[in-house]
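For reference, the structure is listed below as structure tokens.
Note that these values count all heavy atoms, side chains included, but never hydrogens, waters or copies made by symmetry. Reminder, nothing fancy here: chain letters follow the sequence lines and each chain counts from 1. Everything quoted here is computed from the prediction, not taken from an experiment.
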Number of protein chains: 2
Amino acid sequence: MSVDRTQVLRTAAALLTRKSTATMDEVARAAGIGRATLHRHFAGREALVRALEEMCLQELDAALDTAALEDGPADEAVRRLIAAVEPAAPLLAFLVSENQLFEGDEQNEGWSRSDARISRLFRRGQEQGVFRIDLTPSWLTEALYGLVGAGAWAVQDGRVAAKDFQYMIVELLLGGARRSVER
Amino acid sequence: MSVDRTQVLRTAAALLTRKSTATMDEVARAAGIGRATLHRHFAGREALVRALEEMCLQELDAALDTAALEDGPADEAVRRLIAAVEPAAPLLAFLVSENQLFEGDEQNEGWSRSDARISRLFRRGQEQGVFRIDLTPSWLTEALYGLVGAGAWAVQDGRVAAKDFQYMIVELLLGGARRSVER
DNA sequence: ATCGCGTGAGACATTCGTGTCTCATTAGAG
DNA sequence: CTCTAATGAGACACGAATGTCTCACGCGAT
């Protein structure tokens with residue numbers, strides 16, 4: 001009888017990823033519950049997005065843990081990161097473009113922490129001579145988000161096969177970031 | 001007395017790039033005209049976005065011409081392309097994410113043409129042995145859009161210096177796309 | 001069997017953006 | 001200078017989405 005909050009969030013994520021302007025009513029119907037009930041669990045649309053953001057951040061955080069960014073060569077850590085982050089990619093893409101709306105008011109603290117962790121990985125790679133030093137860790141982090149988002153959309157629209165998602169992103173990102181002797 | 005349509009479009013682009021949910025009223029005020037006047041020139045919000053899209057496509061097309069994609073080594077053509085496309089980058093970023101909203105209904109014909117031109121460039125690079133063949137031209141095109149968008153946002157938020165825009169994108173994209181002997 | 005809590009459905013007021021209209025004003029052409 | 005046409009400001013109706021509320025229903029615990 002009781003509503004499964006997580007299930008509702010997953011459904012909402014799936015819907016909003018495809019149609020970011022979906023109504024609260026549409027979200028409710030997609031989750032198979034009444035609009036009133038949806039409202040009882042999430043005070044409003046903003047609260048819903050916040051909850052999605054929180055869920056996404058948790059998954060991202062978990063992915064960062066899973067990838068064990070501090071271990072081994074930095075480029076392999078990047079591979080693991082992309083692989084670990086793939087399931088959250090569509091939601092991530094949605095939230096990244098959504099955050100672009102919320103004019104630069106306050107950069108959510110959670111995002112900054114994740115950014116910092118990824119950025120640190122690139123910095124480590126540079127210090128160990130694995131990555132080129134002429135591209136800032138900050139930019140590489142942005143680029144990673146950008147490529148993950150582009151990949152998620154490309155897959156969703158069928159322009160790229162889902163099975164190629166990881167490979168395409170990793171190869172492009174690493175190929176660009178990896179330092180090669182003769183360049 | 002008469003309103004400069006182009007000027008209005010440029011202002012609208014600048015505003016919508018920063019705040020994609022801006023009201024018609026906000027757009028009008030930003031352009032220094034009345035909401036009624038804005039409405040006389042653009043039937044509605046959709047018409048405004050269409051006009052922006054058209055403008056953006058023209059600039060993109062012009063950039064593709066300027067870059068002379070068919071001439072010389074493909075990687076240098078990519079450099080020229082990024083350079084030529086930079087002025088339109090913010091607007092491009094806005095429209096790309098905007099189009100993502102309109103659920104995959106109908107892909108505007110203009111975008112397909114530009115996509116095809118860029119895609120052709122990457123294909124040419126592959127055929128000439130300049131680019132790796134394990135990344136599809138289609139994906140490289142998507143990645144280019146993604147990186148340009150990420151770059152535009154990063155610059156707008158001050159995470160990347162504007163003067164580094166071209167370099168960061170070109171280096172990452174080409175470094176990843178360029179075929180290097182020992183890989 | 002009964003009770004209580006969460007739920008679904010719907011009604012309702014409110015807010016917000018939009019689109020249309022009017023009217024006074026003014027720039028610019030003739 | 002005069003007249004025309006476009007503009008700015010504001011009023012207005014409309015639709016969509018939101019947020020709140022009520023009420024009947026049914027599952028699950030007691």
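If you measure from atom CE of B/M24 to atom P of D/dG8, you get 14 Å, rounded to the nearest angstrom. A straight line from CG of A/D25 to P of C/dA9 spans 10 Å, rounded to a whole angstrom. Between the CG atom of A/L16 and the P atom of D/dA17 there is a distance of 14 Å, given to the nearest Å. Between the CZ atom of B/R5 and the P atom of D/dA6 there is a distance of 15 Å, rounded to whole Å. Whole-Å rounding puts the A/R29 CZ to D/dA17 P distance at 13 Å.
OP1 or OP2 of C/dG17 lies within a sub-4.0 Å distance of a side-chain N or O belonging to B/T23. Within the 4.0 Å cut-off from OP1 or OP2 of C/dG17, not a single side-chain nitrogen or oxygen of B/R45 is found.
Considering every non-hydrogen atom in both A/M168 and B/L135, the closest pair reads SD-CD2, 3.7 Å. Considering all non-hydrogen atoms of both residues, A/R45 and A/S20 come closest at NH2-O, 3.1 Å. Scanning both residues, A/D61 and A/R113, for their nearest heavy atoms gives OD2-NH2, 3.7 Å. Nearest approach of A/L140 to B/L172, heavy atoms of both residues: CD2-CD1, 4.3 Å.
Note on ring orientation: taking the six-membered ring where Trp is involved, the planes of A/W111 and A/Y145 are perpendicular (angle over 60°, cut-offs 30° and 60°).
If you check residues 32-41 of chain B against DNA chain D, the residues with a heavy atom closer than 4.0 Å are B/G32, B/I33, B/G34, B/R35, B/A36, B/T37, B/R40, B/H41, listed by number.
Salt bridge status for A/D25 with A/R29: present, with a side-chain N to carboxylate O gap under 4.0 Å. Salt-bridge check for A/D65 with A/R117: passed, with a basic side-chain N closer than 4.0 Å to an acidic carboxylate O.
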Criterion side-chain contact (heavy atoms from CB on, under 4.5 Å) on A/R80 and A/D71, from CA distance to verdict: CA-CA 11 Å; A/R80 293 196 299 271; A/D71 299 352; 4.1 Å; yes
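Comparing the axis of the opening five pairs of the helix from C/dA1-D/dT30 to C/dG30-D/dC1 with that of the closing five pairs yields an angle of 20°, rounded to 10°.
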